[in-house]
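Below is one structure, written out as structure tokens; comments come after it.
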Amino acid sequence: MLDLRAVWRDAVDMSFDQVQPFSSFSDPQQVAFHRTELSVILSLYGRMVAAGEWRDYGISTLRDLAVFSVFRRTAEHPLYRIEKRPKLRNRQGQYAVVGMDGQILKRGHDLRMVLRVLERKLIRSVT
């Protein structure tokens with residue numbers, strides 16, 4: 001019979017050498033949506049799903065921006081991207097809605113105002 005206790009002990013000892021403090025896992029340079037921002041976005045998303053316009057979403061957090069992508073079907077390119085770029089906060093605004101073709105539909109400092117461009121599409125689809 002093979003004795004794996006020595007191998008296990010060596011593997012456990014090695015893993016303790018590679019353990020990093022918990023604070024090093026959070027990257028302060030990574031941009032993410034705040035809970036209040038996500039609640040505004042998900043509120044619109046829920047209304048659009050109920051209207052049958054949207055079916056899936058994806059969230060990406062990168063160094064320079066955070067992206068909330070909206071899909072009609074899972075295997076497609078996103079219909080819209082809601083982007084947060086904090087570096088543009090003092091210029092034209094950190095929030096932007098980008099269309100499927102890459103055109104910026106609306107940009108601004110207030111997320112609710114920026115998302116109104118998508119709510120207009122909800123009004124058109126209902127009527």
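Worth saying up front: this structure is predicted, and the values here are computed from it rather than measured.
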From CG (Leu79) to CZ (Arg55), nearest 0.5 Å: 11.0 Å
Applying a strict under-4.5 Å side-chain criterion to I, L, V, M, F, W and Y, I'd like to know whether Val98 and Val40 cluster together. no
Within a radius of less than 6.0 Å around CE of Met100, do more than 12 heavy atoms belonging to other residues, nucleotides or ligands occur? yes
Considering all heavy atoms, the nearest Tyr57-Phe71 contact: CA-CD1, 4.0 Å
By side chain to side chain donor-acceptor pair (under 3.5 Å) - contacts of Thr61 (at least two apart): Gln30
Would you give the length of the straight line joining atom CD1 of Ile41 to atom CD1 of Ile82, rounded to the nearest 0.5 angstrom? 4.5 Å
Can you find a heavy atom in the side chain of Trp54 that is under 4.5 Å from one in the side chain of Leu118? yes
What one should report as the nearest heavy-atom pair of Arg63 and Val31 is O-CG2, 3.2 Å
Measure across Ala66 and Ala32 and return the closest heavy-atom pair with its distance rounded to 0.1 Å. CB-CA, 3.9 Å
Determine whether Leu42 and Val70 fall in the same hydrophobic cluster, where Ile, Leu, Val, Met, Phe, Trp and Tyr are linked whenever their side-chain heavy atoms lie under 4.5 Å apart. yes
Hydrophobic clustering (ILVMFWY, side-chain heavy atoms < 4.5 Å, transitive) - are Val97 and Ile59 grouped together? yes
If a pair satisfies side chain to side chain donor-acceptor pair (under 3.5 Å) and one of its residues is in residues 81-98, list it, with sequence neighbours excluded. Glu37-Lys84, Glu37-Tyr95, Arg81-Glu83, Glu83-Arg85
Side chain to side chain, Leu105 and Tyr80, heavy atoms closer than 4.5 Å: yes
If you group Ile, Leu, Val, Met, Phe, Trp and Tyr by side-chain heavy-atom gaps below 4.5 Å, do Phe68 and Leu65 land in one group? no
Where is the tightest heavy-atom contact between Val114 and Arg107, given as atom of each residue plus distance? CG2-C, 3.9 Å
Test log, rule side-chain contact (heavy atoms from CB on, under 4.5 Å), inputs Leu111 and Thr36: CA-CA 10 Å; Leu111 181 61; Thr36 56; over 6 Å; no
Is atom NE2 of His34 surrounded by more than 12 heavy atoms (other residues, nucleotides or ligands) closer than 6.0 Å? no
Check Leu38 against Phe33 and note the closest heavy-atom contact, atom names and distance. CG-CB, 3.7 Å
